[in-house]
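Take a look at this one; I'll ask things after.
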Amino acid sequence: MLEEVERWLRNRSWSVADRPMHHILAAKQRTGQSVSVVLPALNEEETVGDIVAIIAHDLVHQVPLVDEIVVVDSGSTDRTAEVAAAAGARVVHRDDVLPRIPAVPGKGEVLWRSLLVTSGDIVCFIDADLKEFSSDFVSGIVGPLLTDPGVDLVKAMYDRPLGGAAGQGGRVTELMARPLLNMHWPQLAGFVQPLGGEYAARRSLLEQLPFPVGYGVELGMLVDALHLVGLDALAQVDVGVRKHRHQDGQALGRMSAAIYRTAQLRLARGHMVRPSLTQFERGEDGFEPRTYSVDTEERPPMVEIAEYATRKVA
């Protein structure tokens, strides 16, 4: 590990307990910064309501940390939107945001569009499939942005159990993302959960970043933020344990391909053929190939979108 990263781990890795709530609230009042929480959601009716309700109870009603909770529905076919609204979120449908640019499927697409329908100086992203959720996930990663003006982006770090085994979650992180970062961007080797979906950042940073439309968004954002603001402007906070719905091996393969492609584009910005990934499933006549296109599209920095400059947030 680079000496720079060892120093970063000492100075930019914290625990949620390091910043008591009254310190965070005092910093918010002193700086006048507002906080938006965004949950990208696709068919998450079983979990999204509890997450929204906990954030609303703990961080809106009990203490005034969060100014708005926005769920961006990515085309759900279940009751995600209704459940989220009933729990206290403002629900926005992906296709209603910036309609002149047709939406494409993908998590990064939803996060990018969320900048147009939120107003916070700090934007906090929380995945909508978390179980046994704690509001520490929000206060923990928002806290450093309010108390330390030198920090621009904060990732949550946590244990990720799988099937009752501690630390066995995050398979794509360990098999794909961590090797890529250590080999090509060793300054980022200190991030415990580089692909984690819980992170917060200043709007002034997010609006300058391109957004890969799919699963590569977290890795792409981390790499681009490193180049834009430097390692010392990035941080991570230990918020405990993250429990969520795990995907099967083939879905993880497609996720890995998208993440690799995101890294590839950042290593060489040349003109490349559109990649695809072939996987195999056993059928009646043996193994049958299934070929999937790999996410390659990226949305430009939001500051380049005319509607962003003139947006009116409800």
Side-chain angles (χ1 to χ4, degrees), residues 33-40 67-68 70-75 90 92-126 145 149-155 185 188 194-195 197 199-231 233-234 258-275 293-314:
Q33 296 177 92
S34 55
V35 177
S36 299
V37 174
V38 171
L39 284 77
D67 297 282
E68 63 176 347
V70 178
V71 170
V72 184
D73 189 349
S74 188
R90 175 162 59 92
V92 179
H93 294 274
R94 176 199 62 193
D95 294 346
D96 294 335
V97 183
L98 199 60
R100 74 170 175 86
I101 300 178
V104 297
K107 179 182 180 182
E109 177 82 356
V110 174
L111 299 184
W112 182 70
R113 289 174 187 262
S114 76
L115 296 181
L116 268 164
V117 293
T118 53
S119 59
D121 303 300
I122 294 169
V123 182
C124 174
F125 298 119
I126 300 290
L145 293 163
V151 173
D152 288 326
L153 184 149
V154 182
K155 298 278 292 189
W185 296 281
L188 298 174
L195 299 185
Y199 49 99
R202 300 190 191 281
R203 176 177 295 273
S204 56
L205 171 62
L206 293 172
E207 65 188 12
Q208 297 182 70
L209 299 176
F211 277 61
V213 298
Y215 284 121
V217 63
E218 274 84 25
L219 183 134
M221 187 178 297
L222 206 54
V223 170
D224 293 340
L226 172 68
H227 290 296
L228 191 62
V229 295
L231 181 60
L234 313 180
I259 290 165
Y260 179 78
R261 177 59 171 171
T262 299
Q264 185 184 47
L265 287 171
R266 279 153 179 77
L267 289 168
R269 294 281 184 176
H271 298 284
M272 302 177 184
V273 297
R274 182 175 179 86
S293 61
V294 175
D295 292 325
T296 59
E297 188 169 354
E298 298 196 4
R299 295 306 191 187
M302 189 56 79
V303 290
E304 298 178 9
I305 302 299
E307 289 89 338
Y308 183 71
T310 58
R311 73 191 189 283
K312 293 182 180 179
V313 180

Handout entry: Heavy-atom pair of closest approach, residues P210 and E298
Key =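 The answer is CB-OE1, 3.8 Å.
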
Residue pairs passing the salt bridge (Lys or Arg N to Asp or Glu O under 4.0 Å) test with at least one member in residues 200-221, sequence neighbours excluded, are K107-E218, D152-R202

**Prompt:** Minimum heavy-atom separation for V72 to S114, with atom names?
**Reply:**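 The answer is CG2-CB, 4.0 Å.
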
Of all heavy-atom pairs linking L234 and G230, the shortest is CG-O, 3.6 Å

Rounded to the nearest 0.5 angstrom, the CZ-CG distance for F125 and L111 is 5.0 Å

Specify the closest pair of heavy atoms between L231 and L226, including all atoms of both residues, with the distance to one decimal.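 For L231 versus L226, the nearest heavy atoms are N-CD1, 3.6 Å.
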
CG of L116 to CG of D96, rounded to nearest 0.5 Å, is 12.5 Å

>> Quick check: closest heavy atoms across P212 and V217, and the distance to 0.1 Å?
In response: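 Taking P212 first and V217 second, the nearest heavy atoms are O-CB, 3.6 Å.
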
Rounding to 0.5 Å, atoms CD1 (I259) and CG (L219) come to a distance of 6.5 Å

- Message: Using only atom types and a distance under 3.5 Å, with no angle test, would you say the side chain of S34 pairs donor to acceptor with the backbone of D121?
- Response: yes

If you round to the nearest 0.5 Å, how far is CG of L222 from OG1 of T262?
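With rounding to 0.5 Å, OG1 (T262) is 12.0 Å from CG (L222).
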
When every non-hydrogen atom of L195 is compared with those of K155, the smallest separation belongs to C-NZ, 4.0 Å

Walk me through whether L206 and M221 qualify under side chain to side chain contact (heavy atoms under 4.5 Å, CB included).
CA-CA 8 Å; L206 293 172; M221 187 178 297; 3.8 Å; yes

In this structure, CH2 of W185 is separated from CZ of R266 (nearest 0.5 Å) by 7.5 Å

Item to complete: State whether E68 and R90 are salt-bridged, where the test is any N-O pair (Lys NZ or Arg NE/NH1/NH2 against Asp/Glu carboxylate O) under 4.0 Å.
Response: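 Yes, E68 and R90 are salt-bridged.
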
Item checked: 4.5 Å side-chain heavy-atom contact, R100 and E307 ->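 Touching, per the 4.5 Å side-chain cut-off.
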
With sequence neighbours excluded, residues passing side chain to side chain contact (heavy atoms under 4.5 Å, CB included) with I101: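 With sequence neighbours excluded, I101 shows a side chain to side chain contact (heavy atoms under 4.5 Å, CB included) to L98, W112, R113, R299, I305, given in chain and number order.
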
Practice task
Report the distance from atom NE2 of H227 to atom CG of L209, rounding to the nearest 0.5 Å.
Solution key: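 Answer for the NE2-CG pair, H227 versus L209, is 11.5 Å.
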
| Donor-acceptor under 3.5 Å (R261 side chain, A258 main chain) |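 No; judged by distance alone, with no hydrogens or angles, the pair does not exist.
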
